[in-house]
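Before any comments, here is the structure.
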Amino acid sequence: MSATLIDGKAVSRKIKTQIAKRVEQLAAKGIVPGLAVVLIGDDPASHTYVTSKKKSCEALGMRSDLLHFPAEFSEEELLSEISRLNRDPEIHGILVQLPLPEHIDEFKVIVAIDPEKDVDGFHPVSVGNMMIGREAFLPCTPHGIIKLLEEYGIDPAGKHAVVIGRSNIVGKPAGQLLLQKDATVTYCHSRTIGLTDYTKQADILISAVGRAKFLGKEAIKKGAVVIDVGMNRDENGKLCGDVDLADVLETASFVTPVPGGVGPMTIAMLMENTLLSAERGLAETK
């Protein structure tokens with residue numbers, strides 16, 4: 001029996017429809033959720049990402065400010081710009097597109113963003129609150145993964161979840177959110193010895209490695225749920241994930257395709273975080 005493909009496009013459309021209704025309700029009260037996206041330099045992939053985010057905002061009736069600065073823009077200038085955005089009452093979310101040029105300290109930039117506008121969920125305050133289960137903006141890609149599991153009726157409780165990758169953006173928070181859903185979580189990474197010994201135990205397998213078709217059916221347990229976060233190019237230049245989709249279809253029970261799986265959920269969660277920030281701001285003024 002072939003695996004069910006998890007349709008991230010369909011789920012993200014459903015979430016965006018719900019967001020649009022809430023944006024309308026806020027607009028009736030004179031509040032338009034506003035997202036500021038800061039881009040430094042001319043990296044083509046980054047430019048594509050920020051353009052997509054801007055279009056998503058506008059389609060949902062939200063304000064989107066794209067601040068594009070040259071690659072030589074200084075760290076001091078960027079921190080000053082973030083400080084200005086922190087004070088702007090019409091901006092509810094601030095996102096600085098990564099990666100940044102080498103002369104800019106990424107951590108300094110992340111901590112400069114007001115945690116109440118940290119819609120990426122990268123600030124240490126946001127991460128700390130997530131770790132202890134308190135209200136926080138959750139990192140968009142891991143949160144999107146959890147939403148996909150919920151939408152397809154996949155309950156992590158009691159399951160063994162294996163996460164390949166330990167980045168602060170995807171791997172670490174994905175494992176933490178699964179732990180909060182009562183999964184037993186194992187982290188694997190580039191120094192893991194005997195990787196397939198772990199992956200073949202996984203009821204839920206999340207791969208955020210960044211290597212085209214890195215995982216095939218021999219690495220996957222029969223009936224596993226496979227979440228592919230990879231975004232790579234194959235030998236023909238075609239977009240693909242970490243998982244060899246065609247190879248695992250007869251082994252996995254559910255699998256996310258690339259493109260069209262996790263990717264659309266990342267932007268949907270960014271939109272939701274920006275909306276939440278605006279809603280919280282309204283609640284605080286009452």
Side-chain angles (χ1 to χ4, degrees), residues 1-8 10-12 14-15 121 127 129-134 136 138-211 213-230 241-245 247-258 260-266 268-269:
M1 186 174 176
S2 188
T4 298
L5 292 180
I6 295 176
D7 190 344
V11 178
S12 69
K14 179 178 176 181
I15 291 169
V127 175
N129 281 327
M130 178 194 69
M131 287 290 292
I132 61 175
R134 293 183 62 84
L138 300 177
C140 299
T141 299
H143 192 199
I145 291 169
I146 297 299
K147 290 276 191 178
L148 285 177
L149 296 178
E150 289 173 352
E151 185 67 25
Y152 279 79
I154 300 163
D155 184 1
K159 305 282 200 319
H160 185 188
V162 174
V163 180
I164 313 176
R166 52 179 168 176
S167 73
N168 293 333
I169 295 172
V170 179
K172 288 176 184 175
Q176 182 61 32
L177 293 179
L178 286 164
L179 182 64
Q180 290 177 9
K181 295 288 183 182
D182 298 320
T184 298
V185 180
T186 298
Y187 286 99
C188 295
H189 44 79
S190 59
R191 296 295 182 92
T192 298
I193 297 170
L195 178 65
T196 57
D197 293 339
Y198 296 98
T199 61
K200 287 165 75 172
Q201 296 178 41
D203 302 305
I204 299 172
L205 179 62
I206 297 178
S207 181
V209 178
R211 291 174 60 184
K213 300 181 181 180
F214 176 64
L215 295 171
K217 63 185 178 183
E218 74 286 345
I220 292 169
K221 176 182 176 180
K222 184 71 174 174
V225 175
V226 181
I227 306 295
D228 190 350
V229 189
D242 293 344
V243 177
D244 187 339
L245 182 62
D247 193 49
V248 306
L249 282 176
E250 301 303 317
T251 305
S253 58
F254 292 88
V255 62
T256 57
V258 176
V262 174
M265 296 299 295
T266 300
M269 294 300 97

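What you are looking at is a predicted structure, and each value in this text was computed from that prediction instead of being measured. The analysis underlying the following values was restricted to heavy atoms, covering all of them including side chains, and did not include hydrogens, waters or symmetry mates.
In this structure, Met265 and Gly144 approach most closely via the heavy-atom pair CE-O, 3.7 Å. For the residue pair Leu148 and Gly8, the shortest heavy atom distance occurs at CD2-CA, 3.9 Å. The two atoms that bring Ile169 and Pro139 nearest to each other are O-CB, 4.0 Å, heavy atoms only. When all heavy atoms of Leu178 and Ala161 are compared, the closest pair comes out as CD1-CB, 3.8 Å. The shortest heavy-atom contact between Val162 and Cys188 is CG1-SG, 3.9 Å. Closest approach of Pro156 to Leu149, counting heavy atoms only: CG-CD1, 4.2 Å.
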| field | CA sep, side-chain torsions, deciding dist, call: Ile145, Val229, side chain to side chain contact (heavy atoms under 4.5 Å, CB included) | value | CA-CA 9 Å; Ile145 291 169; Val229 189; 3.8 Å; yes
| field | side chain to side chain contact (heavy atoms under 4.5 Å, CB included) assessment of Val11 paired with Ile6 | value | CA-CA 9 Å; Val11 178; Ile6 295 176; 5.6 Å; no
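Between Glu218 and Thr196 there is no side-chain heavy-atom pair separated by less than 4.5 Å. Side chains of Leu205 and Val243 form no contact here, defined as non-hydrogen atoms less than 4.5 Å apart. At least one side-chain heavy atom of Arg166 sits under 4.5 Å from a side-chain heavy atom of Ser190.
Each salt bridge (Lys or Arg N to Asp or Glu O under 4.0 Å) pair with one or both residues in residues 182-201, not counting sequence neighbours, would appear here, but there are none. Counting only residues at least two apart or on different chains, the salt bridge (Lys or Arg N to Asp or Glu O under 4.0 Å) pairs with a member in residues 148-157 are Lys14-Glu151, Glu150-Lys181.
Taken to the nearest 0.5 Å, the CD1 atom of Ile204 stands 10.5 Å off from the OG1 atom of Thr184.
Within 6.0 Å of CD1 in Ile132 there are more than 12 heavy atoms belonging to other residues, nucleotides or ligands.
Counting only distance, with no hydrogens or angles, the side chain of Tyr198 and the backbone of Tyr187 share no donor-acceptor pair below 3.5 Å. Judged by distance alone, with hydrogens and angles left aside, the side-chain atoms of Thr192 form no donor-acceptor pair with the main-chain N or O of Leu195 at under 3.5 Å. Listed for the Thr199 side chain is a donor-acceptor partner under 3.5 Å among the backbone atoms of Ala219. Asp242 contributes a side-chain N or O that, together with a main-chain N or O of Gly210, makes up a donor-acceptor pair within less than 3.5 Å.
Listed by chain and residue number, Met130, Leu138, Pro142, Ile146, Gln180 satisfy the side-chain contact (heavy atoms from CB on, under 4.5 Å) test with Leu177 (two or more places apart in sequence, or in another chain). In terms of the side chain to side chain donor-acceptor pair (under 3.5 Å) criterion, residue partners of Lys172 (sequence neighbours excluded) are, by chain and number, Asn168. Asp228 is linked by a side chain to side chain donor-acceptor pair (under 3.5 Å) to nothing, counting only residues two or more places apart in sequence or in another chain.
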Atom pairs and distances, donor-acceptor, side-chain atoms in residues 247-255, under 3.5 Å, two or more places apart:
| from | atom 1 | to | atom 2 | distance (Å) |
| --- | --- | --- | --- | --- |
| Asp247 | OD2 | Lys217 | N | 2.8 |
| Ser253 | OG | Gly223 | O | 2.7 |
| Ser253 | OG | Ala224 | O | 3.3 |

